[in-house]
Protein chains: 2
Amino acid sequence: MHKGLWNVLGTTEIVSKKPTINDVARLSGVSKKTVSRVINDSPNVKSDTRSKIQAVIQQLDYAPDPQARGLAFRRSYLIGLVYDNPNALYISDIQAGILHACYGTGYELIMHPGDFCSHRLIDQVQHFVHRARLDGVILLSPISQLDKLAHSLRRNHCPYIRISPKKIDAVANVVVSNDRKGAFLMTEHLIGLGHREIGFVLGPSSNLSSEEKFEGFHEAMKQHGIPLRKRLVIEGANTFESGVAAGEQALTRAVPPSAIFASNDVMALGVLKTAQMMGIAVPESLSIAGYDDSAHASLVWPDLTTVNQSVGFMGELAAHKLMLQLAPDRDRAKLVDVSVEPKLVIRHSTAAVMHV
Amino acid sequence: MHKGLWNVLGTTEIVSKKPTINDVARLSGVSKKTVSRVINDSPNVKSDTRSKIQAVIQQLDYAPDPQARGLAFRRSYLIGLVYDNPNALYISDIQAGILHACYGTGYELIMHPGDFCSHRLIDQVQHFVHRARLDGVILLSPISQLDKLAHSLRRNHCPYIRISPKKIDAVANVVVSNDRKGAFLMTEHLIGLGHREIGFVLGPSSNLSSEEKFEGFHEAMKQHGIPLRKRLVIEGANTFESGVAAGEQALTRAVPPSAIFASNDVMALGVLKTAQMMGIAVPESLSIAGYDDSAHASLVWPDLTTVNQSVGFMGELAAHKLMLQLAPDRDRAKLVDVSVEPKLVIRHSTAAVMHV
DNA sequence: ATCGCAGGTGACACCGGTGTCAAGAAATGC
DNA sequence: GCATTTCTTGACACCGGTGTCACCTGCGAT
């Protein structure tokens, strides 16, 4: 490993200060402005001057100070991720995708949890953006649903990308997951297996994603001419416990459903628990489907049939879109809404309905 | 909401630039240095001067630029979290704890995944620290085990905290989870239930945490005079699949164990799957215990008996320790190693051994 | 030979804050 | 009342980069 000025001699260490642009300039016999030109790949630098400076940079292991750079450029190379906590795995997937996109670009990611329900959220986010001098932010569902927040950010010239279950923004700042289609596909899968009495577990009522999934479910049922029974649509809260309760509610009916589709995996696992405790065989007597393809889904037996929405990929897309906006030579033409296609993941918690 | 210079008049918006220290100075009729004094709570400012300036700051909604501040102070108010991906939930818990500690302090958190196995990891981390001008980093297990990395950071005067399953650093830069004790407690729990033939599923061999847990298991067995059978100690890889395989290996023996203790929850879930597929009743015929108390553990039936190690709290502690080191008036006396006590979480996957 | 014009370079101010130090104002000691 | 100390304040350089603009080359065209 090249150490540059960091001399490590056995146990004795002689550590010099980090080199600055002035050091580079002095050693290569040019002004610091010319060094700056080389750093920024400006044209109009004679090629042997350039290579001489590059050699010195190599030798010194020099890297420009992002703070100073940011101050001069008025950029921080920092992007923020604003989220409320619907699901730790969802966030960590998104995060991984964003980090993947950032890798090698010089951008760093700063995390910022927020409270979707707080009326001070907008102020808090604005304050956060200002305090950290963020170049832009990525908003996660459900916070991404808040049009007021988006307007406020735009007003303050803070670029943002919304990751959302539905197309919601006129200015192409959204990465859409198309939850409606995912739920539609899953419902068709269940119908294809012969199920007619299908229970649906909703998320909390303020949740756009849950709404979209219900719409997709509804649409599929309608298209196949299956009446929607109100008693089989059950309120949930996106938690395991609410899934357990929903399962109890559905499975203790006189005519229990032959399949239950929960609008997220965790609730589906709750339903599964209820079924197991009641001695109902899954998938033989009851098919269960979830949504998200979260890590939980494949850690149980029977493993969960669910919908994969490439959450990580959405994070990556969002970061790319954001960095595109931040690039000085941005190409507005590239700024289109991006939609990620949901994919059915069929495992062992769903099966053909038993012949009665 | 107070808008300061941001005048929002119906749909017409007059947006001025963000105020700088010079604006504040001009409006309050003092030099910017005096404003700086007020911002930094320096003594020796006449109290009416101070209040006058504070009024202007309020009025302008002024906040100092962290970039410029950082440049002058040589601080970034950024701390990094370096991790390899043993478990998304573990990381997100730690992260939440750190963010909780950072809240209101002005510090922000930057995420940095790294590859534990890469021989270039040290360089990469150093480069990351330098590029982002981090004030300090928190290292997660298993990366925290790398003494070379710690030495390298110390050499470069980068403060760090290691979150580790074992006390490993002489200079009080560690938050310890005491995995040995946790495993010891769990083993005693199983022994107390009458189990004698207890299987143990190891993590990957390079994993210090797994080693510690095995030591704790071994110690408890020895103290209770129960011989350790090599055939019941099974290699795993901290993955669900390796848990499934370990379960198969253990449960197809002539004399299968009456309990299996896996060194993490995910592997325990793998064992549970195997048991369920083989028709072995849990916990009636087989007790299963995990470690971590990750979110997965309570999403299955029977829910997993496991060890809670307050991961979030450890993150919080680590952040506090780090910020203490970064504080200019730091009190070295406070810098002691912190240890978090593991707690048994007894759920429904373990039960007294059946009378044969 | 002279002009023009482009490429290549550096002096200087600036980004928005801070440290240093010296000078004026106020408070204290005799 | 005067010397001395303490408090308050601002001018100035600096942190480590960048933009602007003027200057100096060398070259082809006139």
Side-chain angles (χ1 to χ4, degrees), chain A residues 5 16-54 56-57 60-78 106 130-135 328-329, chain B residues 5 16-54 56-57 60-78 106 130-135 328-329:
Chain A
L5 287 179
S16 353
K17 277 183 356 201
K18 285 183 179 146
T20 74
I21 196 171
N22 292 303
D23 301 325
V24 177
R26 198 170 343 100
L27 262 78
S28 23
V30 297
S31 76
K32 64 181 197 172
K33 179 63 212 182
T34 301
V35 176
S36 167
R37 287 196 177 94
V38 171
I39 294 169
N40 293 289
D41 283 321
S42 302
N44 300 345
V45 177
K46 214 159 44 173
S47 70
D48 50 336
T49 313
R50 181 186 300 275
S51 51
K52 186 172 55 182
I53 293 173
Q54 276 165 341
V56 175
I57 288 177
L60 254 47
D61 199 17
Y62 165 78
D65 182 326
Q67 303 244 8
R69 214 138 187 277
L71 184 58
F73 274 141
R74 289 161 174 186
R75 317 245 340 246
S76 65
Y77 300 97
L78 258 29
H130 177 249
R131 174 165 38 87
R133 275 292 190 272
L134 298 184
D135 285 351
D329 58 338
Chain B
L5 286 179
S16 355
K17 274 183 1 196
K18 285 183 179 143
T20 74
I21 195 170
N22 292 303
D23 301 325
V24 178
R26 198 172 341 101
L27 261 78
S28 23
V30 297
S31 77
K32 63 181 197 172
K33 179 64 214 183
T34 302
V35 177
S36 166
R37 288 196 177 92
V38 171
I39 294 168
N40 293 289
D41 283 318
S42 301
N44 302 345
V45 177
K46 215 160 44 176
S47 69
D48 51 333
T49 312
R50 182 186 300 276
S51 52
K52 187 172 55 182
I53 292 172
Q54 277 165 340
V56 174
I57 288 177
L60 255 47
D61 198 18
Y62 165 78
D65 182 326
Q67 302 244 8
R69 215 137 185 277
L71 184 57
F73 273 142
R74 290 165 175 174
R75 317 235 355 236
S76 64
Y77 299 96
L78 258 28
H130 178 250
R131 174 166 36 88
R133 275 293 190 270
L134 299 183
D135 286 351
D329 57 340

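Naming: A, B, ... by sequence-line order, numbering from 1 per chain.
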Spacing between Phe73(A) atom CZ and dT20(D) atom P, to the nearest angstrom
11 Å
Could you tell me how far apart Asp65(B) (CG) and dC15(D) (P) are, to the nearest whole angstrom?
18 Å
Angle, rounded to 10°, between the helical axes spanning five pairs at each terminus of the helix from dA1(C)-dT30(D) to dC30(C)-dG1(D)?
40°
dist Ile57(B):CD1 -> Arg50(B):CZ (nearest 0.5 Å) comes out at 10.0 Å
Which listed nucleotide (dG16(C), dT9(C), dG17(C)) is nearest to the side chain of Leu71(A)?
dG16(C)
Please state whether the base of dG10(D) and the side chain of Lys32(B) form at least one donor-acceptor pair under 3.5 Å?
no
Note, Leu27(A) side chain near Tyr62(A) side chain (heavy atom, < 4.5 Å)
no
Between Asp48(B) and Ala72(B), the residue closer to the 5' end of DNA chain D by nearest nucleotide is Asp48(B)
Distances under 3.5 Å between nitrogen or oxygen atoms of protein and nucleotides 24-28 of chain C:
none

Within the structure provided, determine whether Arg26(B) and Thr20(B) are in side-chain contact (heavy-atom separation under 4.5 Å).
no
Would you kindly compare Thr34(B) and Arg69(A) by the position of their nearest DNA chain D nucleotide and give the one closer to the 5′ end?
Thr34(B)
Rounded to whole Å, please give me the gap between NZ in Lys18(B) and P in dG17(C).
11 Å
Do side-chain atoms of Gln67(A) reach the backbone of Arg69(B) as a donor and acceptor pair under 3.5 angstrom?
no
Which part of the nucleic acid, if any, lies within reach of Val30(B) when heavy atoms closer than 4.0 Å are counted: base, sugar-phosphate only, or nothing?
sugar-phosphate
Main-chain N/O of Ser47(A) paired with Ser51(A) side-chain donor or acceptor, under 3.5 Å
yes
Here the distance between atom C1' of dT18(D) and atom OH of Tyr77(A), to the nearest Å, is 11 Å
Measure the distance from CG on Asn40(B) to P on dG19(C) and round it to the nearest whole Å.
7 Å
Could you tell me whether the side chain of Arg37(A) reaches within less than 4.5 Å of the side chain of Asn44(A), counting heavy atoms only?
no
Can you tell which of dG16(C), dG16(D), dT9(D) lies closest to the side chain of Thr49(B)?
dT9(D)
Counting the atoms with a prime plus P, OP1 and OP2 as sugar-phosphate, which does Asn44(B) contact under 4.0 Å by heavy atoms, base, sugar-phosphate, or nothing?
base
Can you check the Lys33(A) NZ to dA11(C) P distance for me, whole Å?
13 Å
By the 4.0 Å heavy-atom rule, please label Asn22(A) as base, sugar-phosphate, or nothing.
nothing
Is there a side-chain polar atom (N or O) of Ser36(B) under 4.0 Å from OP1 or OP2 of dT18(C)?
yes
How would you list, by chain and number, every residue that makes a ring pair (Phe, Tyr, Trp, His ring centres under 6.0 Å) with Tyr77(A), sequence neighbours excluded?
Tyr107(A)
Nucleotide nearest Val45(A) when distance is taken to its side chain, options dT9(C), dT18(C), dG10(C):
dT9(C)
Measure from CD1 on Ile21(B) to C1' on dT18(C) and round the result to the nearest Å.
8 Å
In this structure, how many angstroms lie between the P atom of dG10(C) and the CZ atom of Arg37(A), rounded?
8 Å
Would a 4.5 Å heavy-atom cut-off, applied to side chains only, mark Ile21(B) and Ile39(B) as touching?
yes
Under a 3.5 Å distance rule, please check whether Ser76(B) uses its side chain to pair with a backbone N or O of Arg133(B) as donor and acceptor.
yes
Lys18(A) versus Asp65(A): any side-chain heavy-atom pair under 4.5 Å?
no
